[in-house]
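What follows is a single structure, written as structure tokens, with notes after it.
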Amino acid sequence: MSRTWYYRLLFSYFPIFFFTMTILIFSAFVFINDISKEETRKADQISSSYLATTLDHTIRDIELAVTEKVQYEPAYRLYFSENNPNNSDTVYTIAQNLREMINSSSWIQSIYLYDKEHQRVITLSGSRDVGSFSDKAWIDRILSGETGQGWQHVREMEPEEFQRTPVQVLTVNKEMPLPFGSEGVLVINIKMSSIKQSVDSMVNGKLSFLTITDQEGRVIYNAHSDKESALEGTKLNELPLQRLGWTLTSGIKAGNLFGWVSVVSYVWVVIAILTVICAIIYIVYVTRRNYKPIQIIMNRIESQQIKAFEQSGARMDEMKMIDGVLENLINHMMDYDKKSRENVLMQRSKLFSALLQGEHVDNAAGQLYEVSPFDGAHEASRFIVVVGDINRYEKGFQEKFTRGEQNTLKFALMNVLQELSRDTKVQCWTEWISADRIAILFFSKEETQQGQDLAKQIRLVAEECKSWVEQNLRISLSFGIGPVAEGIGAIHQSFTAAEAVMQRKLLMNGDVGEAEASEMQHPLLETYTYLQMIADFVKRFRMSSGQWREQLEDIFKEFERNKLPDDEIRSLIQAMLQMLSREVSMMSEGLQKELSEENINNWLKAMEEAESLDDVKVLLFDSLTDLFRTYVAVTETKSYKAMVNEMKKYIEEQFTNPDLSLKHLSDRFQISGKHASYLFKTEFNMKFVDFVTDLRMKETEKLLLETDYSLQDIALKVGYANGITLGRVFKRVTGITPGDYRRMKKDPKIADE
């Protein structure tokens with residue numbers, strides 16, 4: 001191979017290198033320039049802030065100190081309260097206090113007190129008439145309302161007798177007596193000369209300038225009286241002094257901002273040139289040093305591609321050769337990774353199925369550590385198997401969603417289980433074992449955790465998952481939870497118990513059922529016992545006995561007590577209907593139609609869609625009740641005793657219905673209301689209304705004694721619209737009000753009285 005690749009590699013660096021270095025040099029200069037400006041501004045801001053803070057704190061401290069001494073000195077209040085401006089003791093005390101405050105700070109020019117009522121001024125030298133006071137002009141401005149309380153603009157104060165020229169002061173007015181008086185004014189004057197000295201001491205006159213302006217923009221003072229620098233220099237910061245209404249404008253003098261930056265830039269240029277030279281030398285050195293290892297790599301590639309060279313008859317470009325080899329290598333690696341992942345998923349699914357079926361348990365411990373998603377699982381760990389079903393899979397799930405949507409929802413369901421289990425101290429492994437059934441293997445890493453606590457956590461996860469999926473994915477789920485499996489070998493037993501729970505969905509409470517620890521598989525069905533009970537039921541039905549309902553109730557109680565699977569319950573109900581059809585359908589064409597195979601299949605189809613055993617019982621009772629009426633009407637052409645008994649039974653069941661009436665009975669049993677009343681009175685020697693009232697009063701007495709319900713609540717429960725009607729009927733029947741009856745029965749002493 002020629003050295004073309006080497007020279008190409010070597011010279012390909014230089015354009016980029018020179019372009020990059022040029023940008024870096026320019027960027028560094030701009031960056032340093034910007035940094036210098038920003039740092040200068042920050043330094044000036046810190047200095048100006050310190051100056052503003054110092055002035056503000058000093059003036060505030062003077063104001064607070066004077067205000068505090070005046071407020072706590074009783075002579076001031078005494079002066080205004082006794083209304084005697086000539087009291088020498090009070091005036092002396094105030095003058096002495098003013099002298100102490102003036103002497104306490106070198107910034108204070110003067111402090112005096114003005115009495116509005118007597119038009120007198122108290123200074124440190126005593127009391128005098130305002131007409132002879134040197135600062136009378138300021139007092140006149142106060143009285144005219146030109147000035148208010150607080151700090152005022154800088155002014156020139158008229159000189160005292162011992163002064164020759166006016167003095168610039170900063171004045172604050174305080175109404176007296178403090179804090180809300182209006183009988184006088186306390187005037188505090190601060191020397192502007194002290195403020196200027198403080199400003200000059202904190203501003204470097206050689207490098208920077210500072211200008212103080214008031215609210216109207218008038219210049220109060222230029223630091224070091226340098227007005228030209230303020231006009232020609234660069235302004236960097238403006239800080240407000242809220243207390244005085246001043247603005248501090250600071251900056252750097254002309255000619256001092258970038259002087260040192262030029263020196264730094266020259267140094268940087270020299271450093272940049274040296275860096276470029278060193279970089280060129282380093283590039284050549286590194287390229288030559290790395291050339292031999294790369295040459296070895298290229299030789300190896302050529303040795304592997306020699307057959308391709310011989311067939312093509314032309315030399316391939318080095319970069320294309322490297323690209324082809326790497327692309328081929330990447331494709332092989334991607335294929336290998338894909339096959340490896342698929343292999344892991346297949347092994348994981350196979351291991352999951354083996355654990356549930358109890359196969360190859362001896363080799364499962366090592367595979368569980370290598371293949372499963374569990375962290376820290378071993379042969380003696382605790383596991384729980386949960387089986388979940390999608391309810392109404394064929395008629396609800398498959399019809400409502402497309403194939404792609406079904407796969408997405410199933411994947412989302414697995415993720416929901418994973419997320420919910422993360423909030424607990426358990427790990428879960430989910431796999432779909434059929435189209436509508438998912439198996440979840442839960443693992444607890446904590447060895448000290450009790451089995452009941454683990455089962456309780458798993459139940460909470462299942463209930464949360466069911467609730468979340470129903471609300472967000474609109475899918476109805478059922479879960480069967482197996483018992484705790486102590487070790488890998490017991491996983492199959494937990495899975496068998498969970499499947500047994502799922503076979504009894506009609507008996508599950510809330511679609512989340514939990515297997516008992518001893519329940520692994522449902523015992524064999526005792527068919528003969530149930531067939532005997534069904535035969536007894538059919539016999540009573542055929543004999544028009546109202547006891548067929550009690551017998552049917554006993555059959556359903558046996559279903560629930562023995563925890564029969566759903567399929568067995570439906571099979572027994574089908575056998576019951578077929579046996580009933582053989583016994584009574586030949587009585588009439590109407591019975592044959594109602595007990596036809598098509599009609600029975602419709603009943604069974606409706607029961608298959610029922611979600612609980614109670615729903616199945618209600619559907620069956622309603623259907624058989626209608627059938628029984630038809631059967632009784634057929635079998636009793638002259639006697640209506642069976643119909644009346646059926647009416648009586650119906651009234652005893654529905655007496656709490658406020659709509660129960662003769663019209664309701666006539667519509668229910670297909671006879672007229674008058675005829676129903678006549679039959680009822682003839683058979684039981686009692687009116688329909690009296691019979692209903694008697695049932696309602698007995699139920700009322702029971703609720704009054706056994707509950708604390710209000711009369712209104714009891715009225716609604718026994719079939720009355722309101723408590724007033726119930727109270728009137730109750731008193732007419734029993735002779736006392738419901739309240740008296742409750743108190744008398746609960747406290748026998750009241751009855752004795």
Do side-chain atoms of [X] reach the backbone of [Y] as a donor and acceptor pair under 3.5 angstrom?
| X | Y | value |
| --- | --- | --- |
| Glu405 | Thr402 | yes |
| Gln551 | Met533 | yes |
| Asp536 | Gln532 | no |
| Thr496 | His492 | yes |
| Lys563 | Val501 | no |
| Ser571 | Asp567 | yes |
| Ser467 | Glu463 | no |

Quiz item: Thr656 and Lys717: side-chain contact (heavy atoms from CB on, under 4.5 Å), yes or no, with the steps?
Solution: CA-CA 6 Å; Thr656 60; Lys717 289 183 177 295; over 6 Å; no
Flag the pair [X] / [Y] as yes when at least one side-chain heavy-atom distance between them is below 4.5 Å, and no otherwise.
| X | Y | result |
| --- | --- | --- |
| Ser612 | Asp615 | yes |
| Gln357 | Phe495 | yes |
| Val618 | Val616 | no |
| Leu441 | Phe383 | yes |
| Arg549 | Thr625 | yes |
| Met502 | Arg437 | yes |
| Ile438 | Met414 | yes |
| Leu604 | Leu577 | yes |

Practice problem: Can you label the angle between the Phe628 ring and the Phe541 ring as parallel, tilted or perpendicular, going by 30° and 60°? | Solution: perpendicular
Quiz item: With a 4.0 Å cut-off, would you call Glu553 and Lys557 a salt bridge?
Solution: no
Self-check item: SB check Glu431 Lys410 (cutoff 4.0 Å)
Solution: no
Exercise. Using distance alone, with no hydrogens and no angle criterion, decide if Ser596 and Asn599 have a side-chain donor and acceptor under 3.5 Å apart.
Key: no
Quiz prompt | Donor-acceptor side-chain pairing of Asn391 and Ser478 below 3.5 angstrom | solution = yes
Quiz item: From Arg561 CZ over to Asp554 CG, what is the distance, rounded to the nearest 0.5 angstrom?
Solution: 11.0 Å
Practice problem: Kindly compute the distance separating NZ (Lys593) from CD (Glu598), expressed to the nearest 0.5 Å. | Solution: 9.5 Å
Quiz item: Pick one: which of Arg540, Gln547, Met576 meets side-chain contact (heavy atoms from CB on, under 4.5 Å) with Leu552?
Solution: Met576
Quiz item: Taking atom CD of Glu560 as the centre, does the number of heavy atoms from other residues, nucleotides or ligands within less than 6.0 Å exceed 12?
Solution: no
Quiz prompt | Test log, rule side-chain contact (heavy atoms from CB on, under 4.5 Å), inputs Trp468 and Val416 | solution = CA-CA 8 Å; Trp468 191 94; Val416 169; 3.3 Å; yes
